[in-house]
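Before any comments, here is the structure.
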There are 2 protein chains.
Amino acid sequence: MSNRGLAFAKPPTIVDVARLADVSKSTVSNVIRNANCVKPEMRARVTQAITAIGYRPNILARQLVLQRTKIFGVVVGDLANPFHAEMAKQIERHASLQGYRVMFVNSQTDMAEAAGLESLLEYRVAGIIFLAHAGMPERTRQLIAGKVPTIFVACKADWGDLVSGDDLQGAKDATRHLVSLGHRRIAYFADPIVEDDADRARRAGYRAVMAEAGLLPIVFHWRRSPPGVLRGNREVTHQEVLHGPKRVTAIFSSNDLGAIELLDWADKLGIKVPEQLSIVGFDDIVLAKLARINLTTVAQPQAKLAELAIDTLARRLAGSLPAPPVRKSVELNMVIRGSTAVPER
Amino acid sequence: MSNRGLAFAKPPTIVDVARLADVSKSTVSNVIRNANCVKPEMRARVTQAITAIGYRPNILARQLVLQRTKIFGVVVGDLANPFHAEMAKQIERHASLQGYRVMFVNSQTDMAEAAGLESLLEYRVAGIIFLAHAGMPERTRQLIAGKVPTIFVACKADWGDLVSGDDLQGAKDATRHLVSLGHRRIAYFADPIVEDDADRARRAGYRAVMAEAGLLPIVFHWRRSPPGVLRGNREVTHQEVLHGPKRVTAIFSSNDLGAIELLDWADKLGIKVPEQLSIVGFDDIVLAKLARINLTTVAQPQAKLAELAIDTLARRLAGSLPAPPVRKSVELNMVIRGSTAVPER
DNA sequence: CTGAAAGCGCTAACAC
DNA sequence: GTGTTAGCGCTTTCAG
């Protein structure tokens, strides 16, 4: 309601407050920064003046002198991917809760990522959060050097802090679920959009359980262009995988998106899921819950991952974390839905 | 490769460049800002010095003196909603193309939106892009006042620029599609997560075509908590809508998410889509394309919407737009998939 | 505990 | 054309 008629008056600055409260700039500064050393009486006078003229500190000025911001740079993969979208949402939420703003840059291509990172660095972000990493690790490391703390969330990290789901355990659970249903020919399908490290860990979990059950591992790779599926470096057809004498009866996909593609695939070939083919995914994206999809999968606790990431980054900034990168992993839980069942006999 | 061993040397400033090139600060400034008035020879000397010491302008300093940034504030709805996620992705992409960075704030609740907006304003964003709007319009307007240009993308706007799909036309097309298939009892399902204005326009399109075909409009509203469906203010059961003598044979949902919920609903009641029930959605989110969903819908050209939004905002900032808010609407196209068919007889 | 003063790195008049 | 200079609004020594 103040300054009616002075619509375009410049916003009040710290000196306006100082003048009104009849103190010096620095005292006002001490008050707004919650410095320990200011007499209650002064503080009261200043706060009063602040509210009286509706003063708000100018973030831009503060940033300049501090040479740092309260902005987190977030390197995000394809937001069209529900897993990434949810991750981005949770990161924004938890950053916001801690008084941080987020600046998103896309990481679809190597080039875009590098440019985005440089930009984030120019803006002097307080920290960088990788939700996906498309660039070359070493180059990225060089770029960020010791400039700002960096945390990788559920994606590859050769350096910097890391929080992620326990992929190994999750994959073991998924594979055990299939084994315990009575499946013998269980394949692992690797979707290339899954980060290398995550894929490796999930595959390792799969292999471990297969070995322990005395079963032969069968590993396939999606290839998106030209579309196809590879076994080792040999191209295989969908027919071959799902029909024929050596067909598999169950598939563990390295992510939900791949699992859903598999579902489409089975539909087209007239193969019934779960009667003739069991499918397990990974991530538990929103899609997986749809009645028409109804996918058994390994859920990633995305809210918890985000919270842990922000918390870790904040602690790192506060200097209350050990020098070497910390790595935290959170437990993953299976969600059993309708895409898995005992094999037909 | 420079400054090995001086790892923590402070980054070079404009005066370092000036000294090296033996010119004044302002000449360097003129060069980096591409001011018209600087002799080629000088320019060369300066550019050379810049690359020699690896100078990068300090954005924070520039922001302080200009009192504005090259950051767009983006008010985004629920990123778990694929429509919003895709919109956010496209906005980031096009902003980035124009040299802008984006700061996302969430707008799930009224409170969160207000707080987010204040924060954006404190950061002196160059403009604000609404991808969703949960707050009270008038309060929001007051907050932003004449501070920064604002654009609404596919959401309510009583003021500020606007770009959106042509909801009226899209809804007409959708309804006509159903009518031309031979449906007579066609309902409109309003999902409350759709912005009021959009909903109104879509409903108007629906009503217009129904009237023109001499059919009775039947309007339902989702209610999320407690879950249910309302007709007027009377609660109706799913049974009542899809079974019984006065059952509808086709539904036009105000968005895809609602349409998919409808699909689940039909599945549970054992009603076959599209044989016994045709469903049309709105938006064409990624989900709609899945083989198991395969939804007929009205597609929103999200990339184009984003491009138009960024472009309009940039032009508004450049002052090359008329004073009153501009409103642009883009044509919507129907995508006919498997959820619609001629009614059973 | 408070005030005076020196910047942070850049832009933009305004002289020369 | 180019250099000089005065800020932008805040933090932070350093004296008192």
Side-chain angles (χ1 to χ4, degrees), chain A residues 8-50 53-71 119 121-126 147, chain B residues 8-50 53-71 121-126 147 317:
Chain A
F8 292 159
K10 290 173 50 180
T13 77
I14 201 170
V15 311
D16 297 321
V17 177
R19 193 158 32 222
L20 185 69
D22 195 38
V23 296
S24 78
K25 270 169 58 173
S26 17
T27 302
V28 180
S29 177
N30 284 335
V31 170
I32 62 185
R33 285 175 309 128
N34 260 308
N36 31 358
C37 52
V38 47
K39 251 198 308 217
E41 183 227 335
M42 285 269 98
R43 179 183 299 277
R45 225 165 72 204
V46 172
T47 3
Q48 191 176 336
I50 287 180
I53 61 177
Y55 165 77
R56 314 280 318 248
N58 183 320
I59 299 196
L60 266 30
R62 180 176 292 172
Q63 287 179 338
L64 172 60
V65 54
L66 260 24
Q67 283 303 313
R68 88 191 112 79
T69 64
K70 285 207 85 177
I71 302 175
S119 183
L121 260 14
E122 283 197 341
Y123 274 97
R124 302 287 201 283
V125 293
K147 295 207 190 80
Chain B
F8 292 159
K10 289 173 52 181
T13 77
I14 201 171
V15 311
D16 296 322
V17 177
R19 194 160 31 222
L20 186 68
D22 195 36
V23 296
S24 78
K25 268 171 58 172
S26 23
T27 302
V28 180
S29 177
N30 285 334
V31 170
I32 62 186
R33 285 175 308 131
N34 260 308
N36 30 359
C37 52
V38 48
K39 250 199 307 218
E41 183 227 336
M42 285 270 99
R43 179 183 299 277
R45 225 164 72 205
V46 172
T47 2
Q48 191 176 337
I50 286 179
I53 61 177
Y55 165 78
R56 316 280 318 247
N58 183 321
I59 299 195
L60 266 29
R62 180 177 291 171
Q63 287 180 339
L64 172 61
V65 54
L66 259 24
Q67 282 304 315
R68 84 192 118 78
T69 64
K70 285 206 85 177
I71 302 175
L121 260 13
E122 283 197 340
Y123 274 97
R124 302 289 201 283
V125 293
K147 297 207 189 77
L317 284 167

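Chain naming here is simple, since letters A, B, ... match the order of the sequence lines and numbering starts at 1 in each.
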* **d(CG, Asn34(B); P, dA12(C)) in whole Å** => 13 Å
* Under 4.5 Å between any side-chain heavy atoms of Met42(A) and Asn30(A), yes or no? -> no
* Taking every non-hydrogen atom, the tightest pair across Ala18(A) and Ser24(A) -> CB-C, 3.8 Å
* Structure fact -> Arg19(B) atom CZ is separated from dG3(D) atom P, nearest whole Å, by 15 Å
* To do: Mind checking the CD1-OG1 spacing from Ile53(A) to Thr13(A)? Nearest 0.5 Å is all I need.
  => 7.5 Å
* Structure fact -> note: Lys39(B), atom NZ; dG3(D), atom P; distance rounded to Å ~ 10 Å
* Side-chain contact test, heavy atoms from C-beta onward, threshold under 4.5 Å: evaluate it for Ile14(B) versus Ile32(B) and give yes or no. => yes
* Any Thr27(B) side-chain N or O less than 4.0 Å from OP1/OP2 of dT2(D) -> no
* **Euclidean distance, Arg45(B) CZ relative to Leu20(B) CG, rounded to 0.5 Å** => 10.0 Å
* Reading 5' to 3' through nucleotides 8-16 of chain D, protein heavy-atom contacts under 4.0 Å coded B for base, S for sugar-phosphate only, - for none -> BBBBB----
* Gap between atoms CD1 and C1', on Ile53(B) and dG9(C) respectively (whole Å) -> 13 Å
* Asked: Under 3.5 Å, is there a donor-acceptor pair between the Arg33(A) and Ser29(A) side chains?
  -> yes
